[in-house]
Amino acid sequence: MMSRIAGLTSITAAILAIAPVGDASAASPGAACPSPAVRPCVWQQPSGTGVVGAARLDAGDPSRPGLLTVEVRIQRAWGRPWETVAASSLIATGPLALTTPAVRTDYRTMVCATGGPVGRPELHTTSCTF
């Protein structure tokens with residue numbers, strides 16, 4: 001687990017070191033999502049009032065409605081279950097983008113997004129980030 005975290009930290013640092021300072025994609029975390037995002041692309045955004053969970057999902061078929069749900073979860077102590085403290089859901093056609101209300105916390109934070117076509121739960125996928 002620790003080696004995974006260390007690996008992700010070094011990869012993130014390398015990506016940030018490569019990105020030009022004036023690049024608009026470096027300022028917007030959602031710009032790092034693949035296009036099209038066929039799985040929910042999820043990230044955390046610090047704000048003045050806490051942490052905001054955000055996600056983006058491009059619908060496979062733009063004429064069919066899609067569902068996107070974003071949750072901010074906290075873990076009060078190591079080994080304890082994750083608790084959802086903020087969530088938002090959206091059903092719409094076309095590309096979906098969604099944020100949660102801001103959460104102020106000192107606990108470990110994880111943001112998860114679940115999305116897919118409405119009425120087809122077997123095609124829904126979930127992505128999480130710490």
Side-chain angles (χ1 to χ4, degrees):
M1 178 74 168
M2 295 304 285
S3 62
R4 287 184 195 169
I5 293 170
L8 289 174
T9 303
S10 61
I11 290 171
T12 303
I15 291 171
L16 292 176
I18 294 171
V21 175
D23 189 8
S25 65
S28 173
C33 295
S35 185
V38 293
R39 294 182 46 158
C41 180
V42 61
W43 66 94
Q44 296 182 27
Q45 290 181 188
S47 73
T49 56
V51 175
V52 174
R56 194 185 91 195
L57 176 67
D58 296 328
D61 180 2
S63 64
R64 292 190 48 153
L67 167 69
L68 181 62
T69 301
V70 182
E71 298 177 339
V72 176
R73 300 175 182 174
I74 62 168
Q75 188 178 38
R76 297 186 188 273
W78 188 262
R80 302 267 322 256
W82 290 91
E83 302 172 36
T84 300
V85 292
S88 295
S89 293
L90 174 68
I91 296 176
T93 57
L96 306 174
L98 187 61
T99 61
T100 64
V103 174
R104 184 175 297 273
T105 181
D106 293 328
Y107 297 114
R108 291 185 62 204
T109 306
M110 174 173 59
V111 177
C112 292
T114 301
V118 172
R120 302 286 310 268
E122 69 276 6
L123 297 178
H124 290 193
T125 58
T126 300
S127 301
C128 295
T129 184
F130 289 94

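Just so it is clear, the model here is predicted, and its values are computed rather than measured.
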Trainee: Specify the closest pair of heavy atoms between A54 and V111, including all atoms of both residues, with the distance to one decimal.
Mentor: N-CG1, 4.2 Å
Trainee: Looking at R108 and Q75, what are the two nearest heavy atoms and their distance?
Mentor: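 Answer, listing the atom of R108 first, then Q75: NH1-OE1, 2.7 Å.
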Trainee: Work out which heavy atom in H124 is nearest to a heavy atom in G116; give both atom names and the distance.
Mentor: CD2-CA, 3.5 Å
Trainee: Could you grab the distance from atom OG1 of T114 to atom CZ of R39, nearest 0.5 Å is fine?
Mentor: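 Spacing of OG1 (T114) from CZ (R39) equals 10.5 Å.
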Trainee: About how many Å separate OG1 of T105 and CZ of R73, when rounded to the nearest 0.5 Å?
Mentor: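 Answer for the CZ-OG1 pair, R73 versus T105, is 15.0 Å.
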Trainee: Side chains of C41 and S127: closer than 4.5 Å at any heavy-atom pair?
Mentor: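 Heavy-atom side-chain distance check fails, nothing below 4.5 Å.
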Trainee: Clusters formed by hydrophobic residues whose side-chain heavy atoms approach within less than 4.5 Å: which one holds V118, and what are its other members?
Mentor: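 Noted: V118 shares its cluster with L67, I91.
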Trainee: Which residues pass the side-chain contact (heavy atoms from CB on, under 4.5 Å) test with R64, not counting sequence neighbours?
Mentor: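 Listed in chain order: D61, P117, R120.
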Trainee: Among the clusters formed by ILVMFWY side chains lying less than 4.5 Å apart, do V42 and L90 turn up in the same one?
Mentor: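 Same cluster.
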Trainee: Just wondering, do T99 and V70 contact through their side chains at under 4.5 Å, heavy atoms?
Mentor: no
Trainee: Counting distance only, does the side-chain N/O of R104 pair as donor-acceptor with the main-chain N or O of G48 below 3.5 Å?
Mentor: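 Confirmed, R104 side chain pairs with G48 backbone.
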Trainee: What's the shortest heavy-atom distance between P40 and G115, and which atoms?
Mentor: CG-N, 3.5 Å
Trainee: Would a single hydrophobic cluster contain both V52 and L98, if residues Ile, Leu, Val, Met, Phe, Trp and Tyr are joined by side-chain heavy-atom contacts under 4.5 Å?
Mentor: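 No; tracing contacts between hydrophobic side chains, which count when under 4.5 Å, never links both residues.
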Trainee: Is the backbone N or O of Y107 less than 3.5 Å from a side-chain atom of T109, with the two atoms forming a donor-acceptor pair by type?
Mentor: yes
Trainee: Mind listing the closest non-hydrogen atom pair of L68 and A55 along with its distance?
Mentor: CD2-O, 3.9 Å
